[in-house]
Protein chains: 4
Amino acid sequence: MFNDADNLTEKQKGILTAATELFAEKGYAATSTSEIAKKAGVAEGTIFRHYKSKKDLLLTVVSPVMIKIIGPYIKKDLYNVLDAEFDHYEDFLRAMIANRINFITDNILFLRIVVQELPFHEELKNQAVEHIGKDIFEKLRGVIRYYQEKGQIIPGHPDAIIRMVGSSIFSYILSRYVLFPESAWEDEEIEVDRIIQLLSNGIGMIDE
Amino acid sequence: MFNDADNLTEKQKGILTAATELFAEKGYAATSTSEIAKKAGVAEGTIFRHYKSKKDLLLTVVSPVMIKIIGPYIKKDLYNVLDAEFDHYEDFLRAMIANRINFITDNILFLRIVVQELPFHEELKNQAVEHIGKDIFEKLRGVIRYYQEKGQIIPGHPDAIIRMVGSSIFSYILSRYVLFPESAWEDEEIEVDRIIQLLSNGIGMIDE
Amino acid sequence: MFNDADNLTEKQKGILTAATELFAEKGYAATSTSEIAKKAGVAEGTIFRHYKSKKDLLLTVVSPVMIKIIGPYIKKDLYNVLDAEFDHYEDFLRAMIANRINFITDNILFLRIVVQELPFHEELKNQAVEHIGKDIFEKLRGVIRYYQEKGQIIPGHPDAIIRMVGSSIFSYILSRYVLFPESAWEDEEIEVDRIIQLLSNGIGMIDE
Amino acid sequence: MFNDADNLTEKQKGILTAATELFAEKGYAATSTSEIAKKAGVAEGTIFRHYKSKKDLLLTVVSPVMIKIIGPYIKKDLYNVLDAEFDHYEDFLRAMIANRINFITDNILFLRIVVQELPFHEELKNQAVEHIGKDIFEKLRGVIRYYQEKGQIIPGHPDAIIRMVGSSIFSYILSRYVLFPESAWEDEEIEVDRIIQLLSNGIGMIDE
DNA sequence: GATGAATGAGCGTTCATTCAT
DNA sequence: CATGAATGAACGCTCATTCAT
């Protein structure tokens with residue numbers, strides 16, 4: 001997953017992995033440190049040698065990822081996108097969707113923890129806004145403006161556009177890969193085309 | 001809020017209100033029954049006279065709302081919408097958005113609890129799918145088809161349309177009223193127009 | 001059972017009966033007053049209107065019986081026995097056994113409570129010794145002496161004789177009617193004959 | 001007492017001893033785990049580190065004794081008895097009584113718990129019947145038959161004989177050492193002779 | 001007199017955290 | 001370093017008892 005690199009001992013990696021899985025599965029408050037210790041194959045005391053409290057463990061699970069992995073991950077994608085200078089914004093969307101699918105399914109455990117615990121831990125919220133929110137949003141505005149300038153996207157305040165595009169993509173991935181993976185879905189390509197279609201032309205009949 | 005009516009004693013209402021607020025604020029697992037009792041101004045034992053366990057209290061907080069309030073609430077709106085037979089689907093969307101804003105802001109505490117605890121309580125999930133999911137989704141398909149038949153909405157499988165429209169509206173409300181209420185927002189009317197615009201015509205330039 | 005007479009209301013009798021059965025079945029400490037109330041078909045508060053505490057209820061269940069019923073019951077038997085002036089002590093034993101069987105099986109619930117709770121409640125112990133122990137033991141000594149004087153029972157200190165006779169009878173009834181009622185037992189008459197035989201002649205061979 | 005050996009830590013031994021004494025003194029249900037902890041000089045949590053529940057503690061207090069100590073203890077005696085092949089069953093009885101006295105007074109706390117809790121815990125009953133009941137009773141039948149064959153004990157079904165002998169011995173020890181230790185008792189030897197006398201020859205006059 | 005909602009002390013148990021080994 | 005026994009505060013919950021109705 002995301003604890004591979006770094007200069008952590010095997011034990012520490014085991015603790016982080018076990019904690020991540022359990023926090024995602026049962027929630028932070030409902031997970032006991034003894035469960036984490038058992039799953040990680042270490043003694044309870046060992047956890048507290050590395051992390052000064054259970055909360056510290058949560059922040060460690062969540063924060064370095066936020067800072068070191070997710071931030072760069074997202075940014076790298078965006079730079080790729082911008083560097084690639086797709087001829088058409090639809091290609092950008094397609095690339096974005098593909099990338100988001102990988103990212104979300106790769107990090108589903110981590111994202112569950114963030115979504116679950118964000119509202120309850122002020123520190124997490126600050127980190128999230130700091131390292132992802134502002135930065136990314138600004139980048140995205142740049143992307144939108146880029147294609148607006150190319151005459152491919154309608155003019156107007158980018159924020160509403162970002163919100164619509166973002167939420168459409170997000171809700172598709174959420175529905176297909178997280179909430180209802182067992183439902184009958186069409187081929188990925190067809191579904192993605194459909195979304196891009198809708199985003200491009202809207203749902204209204206042309207003659208309106 | 002939503003525990004007004006019914007034939008509950010003052011104490012019971014106090015317990016439900018306190019529990020709702022605390023569950024929303026700190027999460028179910030991190031809220032202790034003694035906190036609820038203190039906030040409700042009753043003895044801890046009193047809680048267990050009315051609710052046989054803490055979990056039972058959670059289900060009571062969440063379930064009757066789901067069954068008695070939300071279901072009818074949403075359905076009533078849809079019936080109104082269908083009965084009203086808006087001349088144009090844009091009016092339907094406008095009504096829908098206005099209604100959703102009220103609903104979400106009115107029930108924000110309740111919704112937070114549901115979203116937070118859904119993954120951890122099988123019973124909740126069942127209730128949610130049972131009382132909201134199936135029913136509502138089917139109704140919405142009807143609405144989409146209605147406007148498709150009137151020639152106002154493009155043909156095509158309604159589910160993708162529902163997803164895009166729904167997530168756009170939801171993400172707007174979430175952003176404006178829950179996540180970033182302190183940000184600088186334009187007048188409600190303008191923002192809503194913008195969303196409907198985007199949903200209708202898409203983000204692509206017409207000549208594409 | 002034994003709460004028939006007296007000037008108790010229906011409710012009070014119900015409470016006493018329910019308490020007796022539950023104390024016998026689950027033990028005093030493991031029986032809750034709410035269980036007693038439910039079984040008696042009264043409100044919890046009603047119990048405390050009649051008995052000032054749970055312990056008071058136990059003493060009421062146990063004590064008046066001890067004083068008013070059991071004492072006279074046993075004494076009456078002994079007087080019957082003495083009045084009847086059986087020709088032979090074996091007839092006395094036979095009558096005694098028959099009577100004890102009735103008594104024990106009639107009062108098995110009550111006796112269970114006494115045996116279970118006696119060690120834990122000083123008051124009960126005092127009552128038991130006071131009202132049964134001394135009195136009865138003295139009477140029994142008289143009976144033994146009576147048959148010793150008639151030349152039917154060997155001379156010697158009556159206490160050891162009482163103990164052996166009493167415990168033999170008691171252990172027979174206990175085994176047959178309480179502990180192992182489902183075992184294969186011979187006819188009552190045969191078993192009783194056997195016991196009296198053994199008590200009369202002992203287990204040693206005559207020529208010894 | 002009986003928790004001496006084994007590889008238990010000091011704390012564990014303390015908990016077991018405290019629990020044994022309190023269960024014997026006040027009964028299982030009326031003893032709180034906090035009392036046990038205080039008496040044992042440990043934190044309450046420590047109890048649950050070693051015994052997963054209060055009931056588990058009861059079974060631990062009672063069960064290994066039943067299995068490891070009492071079973072072999074009794075059996076060893078019987079084997080001794082059989083191996084010794086007393087010339088006369090009276091010597092067997094004498095040995096038996098002496099041994100029972102030691103056993104009962106040594107294990108009085110433990111026996112009180114067993115007697116008190118047996119009716120309320122199915123598991124205990126099973127253990128008791130399994131490890132003591134069947135086995136021992138069968139052995140005893142063998143002993144009786146052995147002396148019957150030697151012509152020292154009258155023929156007849158051994159069970160009634162066992163019951164009479166057993167209950168006589170038991171009631172003597174119970175009376176002298178448990179219930180009324182403060183009464184005026186004759187020398188042990190004299191009392192035992194008297195019992196054996198009565199058991200051998202019965203209470204009836206010989207010419208009967 | 002009877003009720004049952006309300007109480008709050010105390011229960012058995014869990015758990016994050018500490019520390020001697 | 002790693003361990004796991006020990007801790008004690010806090011948890012969810014039960015219960016005998018009270019009291020307004």
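Within every chain, numbering begins at 1; the chains are lettered A, B, ... in the order of the sequence lines, protein sequences first and strands thereafter. Every value quoted in this text rests on a predicted model; they were computed, and no experiment measured them.
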Scan the side chains in residues 113-121 of chain D for donor-acceptor partners under 3.5 Å anywhere in the protein, sequence neighbours excluded, and list what turns up.
residue, atom, partner, partner atom, Å
Glu117(D), OE1, His121(D), NE2, 3.3
Glu117(D), OE2, Tyr28(D), N, 3.0
His121(D), ND1, Lys55(D), NZ, 2.9

Open item on the list: From CD1 of Ile36(B) over to P of dG12(F), roughly how many Å is that when rounded to an integer?
Closed with: 8 Å

Task: Glu44(C) and Ser34(C) side chains, donor-acceptor separation under 3.5 Å - done: no

TODO: Could you check how far CD1 of Ile47(C) sits from P of dG4(E), rounded to whole Å?
DONE: 12 Å

Open item on the list: Taking Lys26(B) first and then Glu35(B), would you say they form a salt bridge - that is, a charged N and a carboxylate O separated by under 4.0 Å?
Closed with: yes

TODO: Between protein and nucleotides 13-21 of chain E, map the contacts as a letter string: B base, S sugar-phosphate only, - none, heavy atoms under 4.0 Å, written 5' to 3'.
DONE: BBSBBB---

Task: Integer-rounded Å distance: dT7(E) P and Lys38(B) NZ - done: 15 Å

- [ ] Find the distance between CZ (Arg49(B)) and CD1 (Ile15(B)) and round it off to the nearest 0.5 Å.
- [x] 11.0 Å

- [ ] Name all residues meeting the side-chain contact (heavy atoms from CB on, under 4.5 Å) criterion together with Lys39(D); count only those two or more places apart in sequence or in a different chain, and write none if there are none.
- [x] Ala18(D), Glu21(D), Leu22(D), Glu25(D)

TODO: Just jot down the side-chain contact (heavy atoms from CB on, under 4.5 Å) partners of Ala29(D), sequence neighbours excluded, or say none.
DONE: Ala29(C)

- [ ] Please examine the side chains of Leu16(B) and Tyr51(B), heavy atoms only from C-beta on, and report whether any two atoms are closer than 4.5 Å.
- [x] yes

Task: His50(C) vs dA2(E): side-chain N/O to OP1/OP2 distance below 4.0 Å - done: yes

TODO: Check the distance between dC11(F)'s C1' and Leu57(B)'s CG and give it to me in whole angstrom.
DONE: 15 Å

TODO: Could you state the atom-to-atom distance from OH of Tyr51(B) to C1' of dT14(F) in whole Å?
DONE: 19 Å

Open item on the list: Taking side-chain contact (heavy atoms from CB on, under 4.5 Å) as the definition, give me every residue that meets it alongside Ala19(A), ordered by chain and number, with sequence neighbours left out.
Closed with: Phe23(A), Ile36(A), Leu57(A), Val61(A)

Task: Dot-bracket summary - DNA chain E, pairs being Watson-Crick or G-U whose distances fall under 3.5 Å, with | when paired to another strand - done: .||||||||||||||||||||

Open item on the list: Could you tell me how far apart Phe23(C) (CZ) and dA16(F) (P) are, to the nearest whole angstrom?
Closed with: 9 Å

